[in-house]
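The structure presented is a predicted model; accordingly, all values stated were derived computationally and were not measured. Ligands are counted one by one from 1 in listed order, and the atoms in each one are counted from 1 as well. Atom set for the values below is all heavy atoms of this structure, side chains included, hydrogens, waters and symmetry mates excluded.
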Amino acid sequence: MLKPNLNEAKQRNREKILVKTNEYIINDQIKDIGLGKKYFVKTYGCQMNEHDTENIKAILEDMSYEEVDNMEEADLILLNTCAIRENAHNKVFGMIGRIKTLKESKPDIIAGICGCMAQEEKVVDEILKKYRHLDLVFGTHNIINLPNLLSKAITSKEMQVEVLSGQGSVLENIPVKRDSKYKAWVNIMYGCDKFCTYCIVPYTRGKQRSRLPEHIIDEVKELVSKNYQEVTLLGQNVNAYGKDLDLEYTMANLLESVAKTNIPRIRFVTSHPWDFSDEMIDIIAKYDNIMPYIHLPIQSGSNRILKLMGRRYTKEEYLTLFDKIKNKIPNVSVTTDIIVGFPNETEQDFQDTLDIVEYCKYDLAYTFIFSAREGTPAAKMEDNVSLEDKKQRLYKLNERINYYAKENNLKYLGKTVKVLLDKKEKNGLSGYTETMKSVYVDTDHQYLGQIKEVEITDVRTWSLKGKIK
Ligand code: SAH
Ligand code: SF4
Ligand code: F3S
């Protein structure tokens, strides 16, 4: 048994990050373990986790398991979990309860959790104490060891716990079963070293580690050869890409190289304002296939709170960057993340956040009530804002966010925009504009997977409707 360790997870040293290209091996005995058996994976959390699930699925299919989308039919159930806020936790524990009931009638089911919650000491202790019906717990650093762990869990009938807490390495050549034939996630870096005081991610995902440029470019080239239309470059703060490598190679360089592969669309998340360089803005503006869509989390509009959050920028610096982005990238849409009710947040601090929203008029914002995460510095601060106040602030904030979301969408009425129609709907297709607006189109399915010119005929707060030009 290898349990997670918070102190180890916090460590950052100068040890060189290992790039391992041949770590994933699956031997013949393990290859047939899943023959005739079905698996179900449920994913919580961010795009990073969704992409990890694509790796997990491919590994399970290497073991001959077959996917089902109904948990009740599965012989193997995995929950790929998120630890970012308390409610993410609660959802997972609810599912663990449902699995218990299921196992009472089908005791041979193998069930486990992985992902960010598995990296938390307290969660694993709780599972060991109260949820002994689980068979498997593994973390974000050792997905490739799934075949061995699963095979041990099946033969030994004992719970297998293997969670590494170190800084992590960079693993290449892990198989992947992509959810979409048109859009792909591409990791460019793992982990995070920002240690914002409220955030659990640096503890669950390890040190910031960039993939080598050639591995990323090769992956994108392969996607181009398979006719993929869009890649999203993934990392917790992609703008810091390359800073941990001994190369003079930045996110701006990477964006340019990826643009030159001629993949029709490039997106990237998430941008930390601190590392957003002028070169990056220029490159985004220069290449038509880098989408004019920037997710730029502000978290708070109060300098006092930003400092307590450890965000490393002031609201003035943020706004300077915001203006540069808006001025230099034509028709850019900008979205953000905001936390309300951070410890010590006063009405005035909250008002500062509202002022920023009035200024930036975001296309969209993801808004959250602060949730104390054990082991983070903010969890030790006195949380002196009442839940009632937090809820009220969230409500007021969302009201303004929704107002601007609709107002921004209204600008699209009657305009013609390019939409990648990647999803089948009952009577049509849907997809996203370059600026990340969701569009529904009444059409037959012949255009599935294509980028089409669409005239916008109808506008709602969260989506647009249109017809093919
Ligand atoms: N790396 C990204 C954020 C990833 S987490 C960045 O730095 O922008 C996604 C969002 O969840 C964050 O932007 C933040 O708004 C929110 N979040 C993170 N930790 C939180 C916490 N403890 N309570 C409430 N919201 C939180
Ligand atoms: Fe969390 Fe901050 Fe890292 Fe984003 S940059 S993952 S909010 S610590
Ligand atoms: Fe959640 Fe982990 Fe992503 S905590 S938001 S799944 S990095």
S.K.: For atom 13 (O) of ligand 1, what is the nearest protein heavy atom, given as residue, atom name and distance?
M.R.: Asp337 OD2, 2.6 Å
S.K.: Side chain, backbone, both or neither: which applies to Arg373 and ligand 1 if a contact is any heavy-atom pair less than 4.0 Å apart?
M.R.: side chain
S.K.: A cation-pi test, strictly: NZ or CZ of Lys42 under 6.0 Å from the centre of the six-membered ring of Tyr44 and no more than 45 degrees from its axis. Yes or no?
M.R.: yes
S.K.: So, Thr335 side chain and Leu364 main chain: donor-acceptor pair closer than 3.5 Å or not?
M.R.: no
S.K.: Check the orientation of Phe322 and Tyr318. Use parallel for under 30°, tilted for 30 to 60°, and perpendicular for over 60°.
M.R.: parallel
S.K.: Just wondering, is there an N, O or S atom on Cys82 that's nearer than 2.8 Å to atom 2 (Fe) of ligand 3?
M.R.: no
S.K.: Please confirm whether Arg311 comes under 4.0 Å of ligand 2, counting heavy atoms of the residue only.
M.R.: yes
S.K.: Mind checking whether Met117 has a heavy atom under 4.0 Å from ligand 3?
M.R.: no
S.K.: Using heavy atoms and a threshold below 4.0 Å, how should the contact between Ile369 and ligand 1 be classified: side chain, backbone, both, or neither?
M.R.: backbone
S.K.: Looking only at heavy atoms, is any part of Pro202 under 4.0 Å from ligand 2, and if so is it the side chain, the backbone, or both, or is it neither?
M.R.: side chain
S.K.: Show me which atoms of ligand 3 lie under 4.0 Å from any heavy atom of Cys116.
M.R.: 2 (Fe), 4 (S), 6 (S), 7 (S)
S.K.: Treating Asp75 as the side-chain partner and Lys38 as the backbone partner, does any N or O pair qualify as donor plus acceptor under 3.5 Å?
M.R.: yes
